[in-house]
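Each residue takes its place number in the sequence, starting with 1.
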Amino acid sequence: MKKYTIKHLLFLLLLIVMAGCTEDPISMAAGKLPDEVAMSKIGGILYSEKSLTNKLAINLSEDDVSATDAIYYTLTQPTASAVTVTAIADEKLVDTYNETNLTSLKALPAANVQFEKGGTLTVAAGKQVSEKIKVTISKQGLEAGTTYLLPLTIAQAPTDVQAQDEKQVLYYGVSIREKITTCYPYDPNSQVEIPPMLPNLFTVFYVNTENYQPLIAGAYAVSRTDMIDWNEELFSIGNIVNLKTVTVDYDSATKRAILNLSSDIRYVLEHTDKYIRPLQDHGHKICICIEGGGKGLGFCNMNDAQIIDLTNQVKNVIELYNLDGVNLWDENSGYDKEGIPTTNTTSYPKLIKALHEALPDKLLTLVDKGEPTESFYDASLCGGIEVGKFIDYAWHGYINENEIIQIIEPWESDHPYSDYIRKPIAGLAPERYGNMNIPRYKMMGGTPGFTDQVQQRIMEWGQSGRKKNNIFIYGDNLTANEQSQYEGTVNFVLSTIDSFMPDGGFTTYWYQNSFLDYRLNQTYKVYAKDW
């Protein structure tokens with residue numbers, strides 16, 4: 001029986017924990033290092049910008065061509081003259097690693113690794129840290145399902161640097177994740193490639209991880225039938241998938257705003273390869289939805305220090321788990337609690353601007369509802385901040401199972417399709433505002449409530465010429481079929497896409513709800529959480 005050392009088990013655990021990491025860098029400030037040798041000697045350490053340890057996991061999908069990292073060299077104290085080292089990929093170290101740790105990892109070919117500037121790292125005189133250089137790791141010739149070990153080290157330690165061997169090597173565990181295929185509805189034996197996203201439609205889903213796995217968002221689809229040749233095509237939907245529950249908590253002792261990840265979403269994030277990466281591989285953007293935590297402190301009453309603190313916490317989560325962005329939904333904050341600062345109209349805009357600047361390449365969206373966002377029409381009320389310039393999309397949050405669907409049009413002078421009125425968000429184009437948000441209606445007499453009224457309202461609005469975009473929001477939590485008063489309502493929600501699409505309704509195409517997993521129409525609570 002194969003024996004495993006403590007070192008081997010720790011490395012395997014690290015690979016599991018870091019399997020969600022990709023080539024996107026997580027910035028970490030390099031502070032002064034404690035001397036591990038005599039003060040008369042200078043020690044040197046090879047670092048990756050992604051980790052403060054010397055072990056990293058890189059998991060590529062079949063669509064990825066390569067992964068990148070950035071490495072740098074750090075000294076324990078400044079030197080009088082420049083220090084230069086050369087980074088290399090050393091396959092021979094794999095044998096040593098396998099022998100020491102009783103593993104049998106394959107060596108990633110050194111030919112698959114390219115270094116910027118030929119691998120040269122220079123610490124300038126009087127400095128401790130070199131500039132970073134880019135490392136590109138190609139997956140050419142690598143097999144899916146196999147973990148390769150890539151040791152990066154320095155060719156030769158400088159004579160004036162005491163280089164401990166274990167400090168000169170970075171170990172990368174590199175693997176390729178196979179693309180998941182699916183099956184056509186009702187046929188578990190027919191495996192096909194997951195189809196592309198439906199063009200000309202931008203759909204947004206919410207998944208509450210307290211009840212369901214995020215993977216449920218990838219199970220729903222839409223079929224499109226050409227009304228000329230009756231050719232049918234299958235498409236994925238769910239461009240943005242917002243995960244719940246994440247809330248803003250408040251520590252009364254320290255006065256800090258705390259980002260509170262529920263135990264369920266924390267589990268999901270710690271198992272990204274299972275629950276998140278397959279969705280991202282097929283075009284879904286996975287974001288966290290941040291809501292009020294009922295403690296009295298929220299988006300609308302934070303001071304500048306709390307905003308900076310909370311922004312850094314959000315940034316760390318998004319970058320650590322390689323998520324695609326943030327959705328802000330300010331409800332249930334409990335602003336009326338005693339001893340809590342009163343709300344103001346500048347706190348929320350400042351938070352939005354701070355998040356945008358901290359995560360410029362990530363999606364930032366918000367839900368427009370009630371007092372938290374009602375001043376966003378006027379930058380002078382928001383501390384001079386035009387909120388719309390710092391977000392990607394917004395949509396209204398008026399979803400009520402006891403009301404007909406609300407189609408809210410902030411840029412129109414009349415409002416025939418809604419009982420609610422919102423003002424335009426300053427700096428936001430109408431093309432980026434979701435006017436329609438569909439509730440999950442209870443079943444009434446075998447059909448969802450308001451069936452005829454919903455279809456009629458959507459169709460009339462679409463034909464009115466007022467529709468500025470094809471943003472389709474399903475703001476209630478996505479579910480499978482359940483033995484409850486809501487059974488079958490998700491199918492109805494998706495069937496409204498035919499009325500929503502400008503070329504639908506038996507004109508050019510006929511759109512129907514469909515599935516990428518046949519079980520969704522044959523059983524209950526498919527994709528219920530399994531932890």
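The existence of a salt bridge linking E374 and K423 is excluded, since no basic side-chain nitrogen approaches an acidic carboxylate oxygen closer than 4.0 Å. Under the 4.0 Å criterion applied to side-chain N and carboxylate O atoms, R422 and D368 are assigned as salt-bridge partners. Note on E210 versus K244: no salt bridge recorded, every NZ/NE/NH1/NH2 to OD/OE distance being 4.0 Å or above. Under the 4.0 Å criterion applied to side-chain N and carboxylate O atoms, K350 and D304 are assigned as salt-bridge partners. At a threshold of 4.0 Å, the pair D324-K362 does not count as salt-bridged, since none of the basic side-chain nitrogens sits closer than that to a carboxylate oxygen. Salt-bridge formation is not detected for the pair R457/E460: no Lys NZ or Arg NE/NH1/NH2 atom is positioned less than 4.0 Å from an Asp or Glu carboxylate oxygen. We find that D392 and K285 are not joined by a salt bridge, their nearest charged nitrogen and carboxylate oxygen being 4.0 Å or further apart. Comment: D69 does not engage K132 in a salt bridge, judged by the lack of any side-chain N to carboxylate O separation of less than 4.0 angstrom.
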Report task. Take D251 and K255 through the test side chain to side chain contact (heavy atoms under 4.5 Å, CB included) and record every step on the way to the result. Result -> CA-CA 5 Å; D251 186 332; K255 309 297 183 184; over 6 Å; no

Requested in this report: Begin from the C-alpha positions of T122 and E131 and carry the test side chain to side chain contact (heavy atoms under 4.5 Å, CB included) through to its verdict.
Outcome: CA-CA 7 Å; T122 300; E131 292 186 356; over 6 Å; no

Query raised in the report: Run the salt bridge (charged side-chain N to carboxylate O under 4.0 Å, His left out) check on K468 and E412 step by step: do they pass?
Result: CA-CA 11 Å; K468 303 296 192 300; E412 299 292 345; 2.9 Å; yes

Query raised in the report: Does the pair F376 and C382 meet the rule for a side chain to side chain contact (heavy atoms under 4.5 Å, CB included), with working shown?
Result: CA-CA 7 Å; F376 286 4; C382 300; 4.0 Å; yes

Query raised in the report: What do the steps show when you test D503 against Y511 for side chain to side chain donor-acceptor pair (under 3.5 Å), and what is the final call?
Result: CA-CA 9 Å; D503 56 2; Y511 295 88; 2.8 Å; yes

Requested in this report: Using the salt bridge (charged side-chain N to carboxylate O under 4.0 Å, His left out) rule, take K529 and D264 through it: C-alpha gap first, then chi angles, then the decisive distance, then the call.
Outcome: CA-CA 9 Å; K529 72 175 187 179; D264 292 302; 2.9 Å; yes

Report task. Begin from the C-alpha positions of L478 and Y206 and carry the test side chain to side chain contact (heavy atoms under 4.5 Å, CB included) through to its verdict. Result -> CA-CA 6 Å; L478 195 64; Y206 286 84; over 6 Å; no

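T272 contributes no side-chain N or O that, together with a main-chain N or O of R277, makes up a donor-acceptor pair within less than 3.5 Å. A donor-acceptor contact shorter than 3.5 Å links the side chain of S464 to the backbone of R466. Between the side chain of N242 and the backbone N or O of C289, no donor-acceptor pair lies under 3.5 Å. A distance-only check finds no donor-acceptor pair linking the side chain of E319 to the backbone of V317 [under 3.5 Å]. Using modelled atom types, no side-chain atom of H415 and backbone atom of I421 make a donor-acceptor pair closer than 3.5 Å. A donor-acceptor pair under 3.5 Å links the side-chain atoms of N470 to the main chain of N200, judged by distance alone. Judged by distance alone, with hydrogens and angles left aside, the side-chain atoms of D249 form no donor-acceptor pair with the main-chain N or O of N260 at under 3.5 Å. No donor-acceptor pair under 3.5 Å is formed between the side chain of E291 and the backbone N or O of W329. The backbone N or O of G238 sits less than 3.5 Å from a side-chain atom of H284, completing a donor-acceptor pair. Not a single donor-acceptor pair under 3.5 Å links the side chain of Q306 to the backbone N or O of I258.
Here CE of M197 is found 9.5 Å from NE2 of H282. Values are rounded to the nearest 0.5 Å. In this structure, CD1 on I404 lies 9.0 Å from CD1 on I458, to the nearest 0.5 angstrom. L198 contributes atom CG, which lies 7.0 Å from atom CD1 of I497 (distance to the nearest 0.5 angstrom).
Below 30°, between 30° and 60°, or above 60°: for F500 and W461 the angle between ring planes is between 30° and 60°, a tilted geometry. Between Y267 and W531, the ring planes lie parallel to each other; the angle is under 30°, not in the 30° to 60° tilted range. Aromatic ring pairs are classed by plane angle as parallel below 30°, tilted from 30° to 60° and perpendicular above 60°; the pair H271 and Y275 is perpendicular.
Summarising the local packing, NZ of K139 is surrounded by more than 12 heavy atoms from other residues, nucleotides or ligands at distances under 6.0 Å. Counting heavy-atom neighbours within 6.0 Å of Q280 CD, excluding the residue itself, gives a total above 12. Surrounding NZ of K525 are more than 12 heavy atoms belonging to other residues, nucleotides or ligands, all under 6.0 Å away.
Test I405, N402, N400 against Y441 for side-chain contact (heavy atoms from CB on, under 4.5 Å) and you get one pass: I405. Checked options I240, L243, V207, N322; the residue passing with I286 is L243 (criterion: side-chain contact (heavy atoms from CB on, under 4.5 Å)).
Contact check for I288 versus I290: side-chain heavy atoms found under the 4.5 Å cut-off. By the 4.5 Å heavy-atom criterion applied to side chains, R432 and N469 are not counted as neighbours. Put simply, the side chain of V129 does not reach to within 4.5 Å of the side chain of L75, judged on heavy atoms. Within the 4.5 Å cutoff, the side chain of V246 has heavy atoms near those of the I265 side chain. Looking at Y250 and I340, their side chains come closer than 4.5 Å, going by heavy atoms from C-beta outward. Under the 4.5 Å side-chain criterion, counting only non-hydrogen atoms from C-beta, L152 is in contact with F115. In this structure, Y393 and I471 have side chains that are in contact, with non-hydrogen atoms separated by less than 4.5 Å. Between T203 and V222, every side-chain heavy-atom pair lies at or beyond the 4.5 Å cut-off.
The aromatic ring centres of Y47 and Y72 sit less than 6.0 Å apart. Centroid-to-centroid, the aromatic rings of F205 and Y220 stay 6.0 Å apart or farther.
Using modelled atom types, one finds a donor on one side chain and an acceptor on the other under 3.5 Å when comparing D330 with S333. Side-chain N/O atoms of E403 and Y420 include a donor and acceptor closer than 3.5 Å. Between T365 and N327, the side chains place a donor N or O and an acceptor N or O closer than 3.5 Å (distance only, hydrogens not considered). Using modelled atom types, one finds a donor on one side chain and an acceptor on the other under 3.5 Å when comparing Q455 with S499.
Nearest heavy-atom pair, C300 versus Y335, reported as atom, atom and distance to 0.1 Å: N-OH, 3.0 Å. Here the shortest heavy-atom pairing between H396 and Y398 reads ND1-N, 3.0 Å.
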